[in-house]
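Everything below concerns the one structure shown next.
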Amino acid sequence: MSASDRDTAHPMQDHVHMRKPKPRPTPEELRARKEATRQRVSGSVETITVSMGPQHPSMHGVFQAVLDLDGEVIVNTDARIGNLHRGVEKLAEYRTYHQFIPVTDRLDYISSFAMNHGYCEAVEKLMGVHVPRRARYIRTIAHELCRLSNHILWLGVHIMDFGAQTFFLICFRDREYILDLFEMLCGARLTHSYARIGGVAKDLPEGWEHKCREVVDFLPKRLDEYQRLITQNRIFLKRSVGIGIFTVEDLHTWRVTGPCLRAAGVPRDLRKDEPYAAYDEVEFEVAVEYNSDVYDRFLVRMKEMYESCNIIRQCLDNLPDGEFLAEDAAHVLPLKKNVMRDAAAMVQDFVHVFRGPQVPKGEVYRAVEAPKGEFGVYISSDGGPKPQRLHLATPSFFHGQAVPALFEGEMLADSVGIFGSADIVLGDSDR
Amino acid sequence: MESSTQTTIEIPEAMESVFAKVEQRFGEKLLGTSFFRGELSITVAPADWVEVAAYCRDEPSLAFERLDSLLGNHYPARKDRPFEVVAHLTSVSRTARLRLKTQLAEGEKAPTLTGVWASAGWDERETWEMYGIVFEGHSDLRRLLTTEDFEGFPLRKDFPLRGTVGGRIRTDLKGKI
Amino acid sequence: MTDFIFLLIKGVLWVAVGVGMVPFLIYFERKWAGFFQSRVGPTYAGPWGSLQSFGDMAKLLSKEDVVPERADKAVFKLAPYILFVPGFLVMALIPFGPLNVDIFGHKVDLVIANFDAGAIMFMALGSIAVYGIVFAGWASNNHWSLLGGLRCGANMVSYEIAMGLALVGIFLMADSVNFSQIVDGQAGNFWNWYFIPQIVAFVIFFISSIAELNRDPFNVAEAEQELVAGHMTEYSGMRWGLFMFGEYVNMVVMSAVIATLFFGGWRAPFTALDFIPGFIWLIGKVLFFIFLYMWIRWTLPRYRYNQLMDIGWKIFLPLAIANLAVTAVIVSVVQR
Amino acid sequence: MAEKILFIIFASLAVLGALGVITRTNIVHGLLLLVFTFVNVAAVFLLTQAYFLAVIQVLVYAGAILVLFAFVVMFLNLKEFHQLEQLHGTQKWAVLVLAPILLAEIVVVVAGATWTSVGAGITPDAIAAQGGNVRVLGITLFNEMLLPFEMASLILLVGMVGAIVLAKKEDGASMALRDWTGDEEAAQAVVEQEV
C-alpha cells in the first residue's frame, strides 16, 4: 500500500521525525574506537571476570556470558549456551513428520506459531503439498499475531533492560489480547501447534474474525501510547542511540537476520523476498532503519507492529472461503471428525499415524521470516516416514553467537540493552 | 539423498547462471550436482571446501554474503565416506540460495569456514560435538550444547535416542539414594 | 530534668513517626506501583493489603541469615547499620515546629537538636552513609557487589558537591546554616518559600537527592538489570531488610530536608492555616515528596553510570555554581 | 566536669582507632577505623564549641577523602601490597629516628596550648553573641587569616594541576571511551525541560 492510499501517513511518522536524534558515529569510527580500547587494555590492565548468567536477572533465559571487564568496559566476552538443550534434531529423526509439529512449539516458545509454520512450510516444500488459499490466509493472520505478541513481549522486556519496570507490565497487559485470540483459535496460549502439514488444525471459530479485527484496530492506539512513553524519552534515547552499532558486513558474516538486519538499512524480509503463505497477496512495507543501533532496532520493531496490524486487517478483509486443510491423502492427516465416519479417512488416518506420510527422497531448505529473524529448516529425506536429518537454523542461535562480539568495547550497563535488542530466546538457541 | 548419483539434472534459469559460474571456475573439482524443488546442491571435495565457499562469497555476480546454516549428516550405510557437511549459502542482495556439500570419511578432518563467515563458528562447534567431525583451523572447538563432560556424538545414527550416560533415569540406583 | 523528659518525648515521637511510616511507605510504594502498572498490588494481608509489609518483615526475620564463606564477616555484618544510622541522626536536626513553644508552662523547642550547623551536618551524615554501601559491596567478595559499591561511592561523591553548592544559595538567603533559622526565613505565605527564588537550586537538589537515595532512574549501584542487586546481592534475610529499611528511612529524611529547605518546613502555605500544627504540615510535605520519588521510580528508565556522572559534574556542578554566584550578588545588593 | 569525661572518652576512642589503623593488616578494616577516628575527633571539636569545624571534619575527611581512599583500596591487589611492604622494609629504620623527633615536636606544641576553650572565654553564649559558629570562623578565616588561607588554596591547586599532568602523561588514551557528539546537548536539554 503506497502512502497515498492511506488515510493518514504512517503512524510512526509524526513521532519519529519530530525530533531526529543527534548525529551518531559511523560504524567505521566506532570500530576504530573499539579497536583503540582493545589495544589500550590488552595486557596492560588487570581485568575482572564476571559471569553474566545463567542466573542473572537480565539474561534472557539461561544464556551465559562470561565477561572480562576493565572497570566498566567489556574487553572480552565468552558466550555459552546449552543449558536448555533438548536434542530436538535427534528427536526429529525418531518422529514422523506429523509428530514433530508439537516439538517445534518448544523452540521459540514466545512465537510458537512461527516455528510451526516454518516447519510446515519446509515439509510442504519437500512433499510438494499445495496449501489451500484459506489456510494460507489463516496462517498469515496467525503468523502476524504471533509477531505482534513476540514484539510486544520483547518491547516490555527490552525497556525493562534499561530499568523501566512499569512498561514491562503494560506490555504484558496488551499481549493478553493476542494470547486470548490464540486461545480461541487453538485452545493454547503459548504452545499453539496450530499449523498442520497442508493447512491449519482448525478453521476460525465463530466470531473470531470480529474479535481479531477489534484487537488489530485497538492495538495501534496502544502502540501510539508506547511511543509517547518511550520513543522520545530522553533517557531511553541516551541509553540506546549510538549503542551496539553493527555494520552490514558484520551482520552478514554473523548471520544476523530479521529486525536487526533491517535496522542496518538492508530491506531483507523473507515475506517479500521469498513469499510464503499469503504474503504475496497482501500489501505491506518492509520496515527499514539505517543506523543499526539499539534505538533503530527498536524503531524497526515498532514499525513492524503497525505493519502487522495492517496485514491482519487486509487478510481479514479478503479472507477467502474454502478448505482450511489440503485434501491430499498421501501427505495430510485427515480431520478427526471424518475419521469416525468416513472409511477412506479412517484408512488415511491409520496410515499416517502408524506409518507416516509418503515422502519423496531429497533435501530441502526453507526459511520463513519468524519474528526474531530468519528461521530456516533443512530436511533431508531418504523416502521414509521420518526425516533422515532435520536441522533448524534458528535466529536466536546466531544472534547469541554474534552479540557477544558486539559487547567488546561497550560498557557493562549497555551490554544488557544490546543483548536485549538482539531478541534472543534460549529455547530457540539451544534447541 | 545421494546427490552425485543423479546423472541428468535440469537446472532452472534462475540457477543456471550461478551453476555456470561455479562450473566455469572449478570445472572438474565439482564432484556432483543435484537439483530438487528449486534448490541447487553442489558437492565438492574437502580440500576445495574453503576455496569454493570463498569464491561464492567474493564473486560479485554470485555474492553469497551469508552462511545460512552449516550442519553435519551421517549416512552409516555409506562405508567409505559416511559423513557429510552441508552449508547453505544465501545471497541477500540477489535473493538466491545455494547448497554446498562435502563428504568425509571417519576421522577425516574438514577445513573450517570461520575464515569466510564468522557465523560458522558455533555451527562447526555443534557439528563437531554432534558428529565428531573435526574442523581444522577452528580456534575454539569446545562443546556448545551438551555438557562439558559429555561423551559420544549424539547425532550419529548409532547413538541411541535415550542417550548413553547422563540424563537417563537411573533405575539401578532406586532405593539407594 | 523536664528538658530531658521533653527531649526523650520528642526523640521517641519523631523516631516512632519516621520509622513507623516505613512499613506503610513500602506498602504505598507497592500500591502505587500497582496503580502505575494497571494492577492492584498487595491485597491479602489486612484490609486492602495494608499489613503486607509486616508480613514481609516476619518473613525476613525468620529467614536464614547467610554470610558468604569468603566474605569479610565483620564488615559484612556492620555495613547495613552504617547505611541507616546516619539517616536517623539527620531526623534529629529537622524542626517540626517553632522554637520556645509554651507547653504546660515549659519552654520547649520543637526540634530535637537545634544544631548550629544543622544543614551541613545533614551533608556530613549523608557522606558517612555511603560507607554502608561501599563496604557492603567490598565485603561481599562478589564482583557484582564490588562494582555496585564503587559506582555508589563515585556517584555519592559527585552529587554531594552539586547538592552542597545548591544549598549554599539557601544559606545566603537565610543568612544561616541552621535548619530552624532557615525555616524562619521562609515565614509567611507560600510565595515566601525558598523554592521560588531558588528554583534552580531546588531542581538540582531534588534530582541529586534521587541519586543520593539510589532510586530509579539513578539507582546505578543497585541496577538489577546489570549488577544483579549491586551491593545487596549477597545479603539475605533481615540484613537485606535493613538495607531496604535504610533506603526508606533515608527517603523520609531526604523528603523532610527538602521540605525544610525549600518548602517552608513545618509552616503552612498560608498564614491563615497556622492553626493546624506544624507537625502535620511537615508530614504532609514529606509524603508529597515521597510520592514524587515513587512516581519517578515507576515511570522512567535508568541512566547509565557514566551519563549519571556526566550530569553531576558537567551540568549540575556549573549550574549550582552559577546559581550561587547570582544568589550572592542579589542577596548582597538587596540586603545591604 | 561532664565535658571533661566526654573529652577523655572521645579522645581515647580516637587514639585507639588511630592505633587500630596502623596495626590492622587488613587495609579495609584500617580504613573503617580511620573513619571512626575522624568521627571521634569531630566529637572532640564539638566539645570545644567548634560545631562548624566538627561538621566539616566529618564531611570532608570522613565523607569525601576517605571514600576516594576506599576506591583505591578496593582496586588494590593485596598480594602486590604485601610485596610493596617487603620492598619498603628499609624505611623501618628511618621511623626509629623520625618518630621521636615528631613526638618531641608534638609535646612542645601541646605544652603551649590552652586546654579549655571555655577557659579562654569562648562559651556558647559568647559565640552566639558574635553571630554563630560559622560567622566567627568565616571572619577569622577571611579577615585575619586571609593570606595563609589563599596560600593554602594555591598550594592545593598546584598539587591538583600536578596530579592531572602526571595522570595525563599516558598519551591521549585516558580520554573517555564514550564521547558522543551532542551528548552534553541532550543532557542539557533534559535539564532545560526539567527547569
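Lettering of chains follows the sequences in order, A, B, ..., and the numbering in each one begins at 1.
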- In terms of heavy-atom proximity below 4.5 Å to chain D, should C:A129 be classed as side chain, backbone, both, or neither? neither
- From D:L31 atom CG to C:Y131 atom OH, the distance as rounded to the nearest 0.5 Å: 6.5 Å
- What part of C:I161 gets closer than 4.5 Å to chain D, counting heavy atoms only: side chain, backbone, both or neither? neither
- Note on the structure: Bottom line for D:L66: the part with an atom under 4.5 Å from chain C's heavy atoms is both
- Is it the case that more than 12 heavy atoms not belonging to D:Y61 sit under 6.0 Å from its OH atom? no
- Task: Check whether C:I82 gets within reach of chain D through its side chain, its backbone, both or neither, counting any heavy atom under 4.5 Å.
- Result: side chain
- Item | Distance, nearest 0.5 Å, that separates CE of C:M121 from CG of D:L46 | 6.5 Å
- Sorted by chain and residue number, the side-chain hydrogen bond (donor to acceptor under 3.5 Å, both in side chains) partners of C:S208 (sequence neighbours excluded) come out as none
- Note on the structure: Here the pair of heavy atoms bringing D:L59 nearest to C:E160 is CD1-OE1, 4.0 Å
- Query: Nearest heavy-atom pair of C:S127 and D:V58: which atoms, and what distance?
  - Reply: OG-O, 4.2 Å
- Query: Which answer fits D:V60, side chain, backbone, both or neither, if we ask what part of it has an atom under 4.5 Å from a heavy atom of chain C?
  - Reply: neither
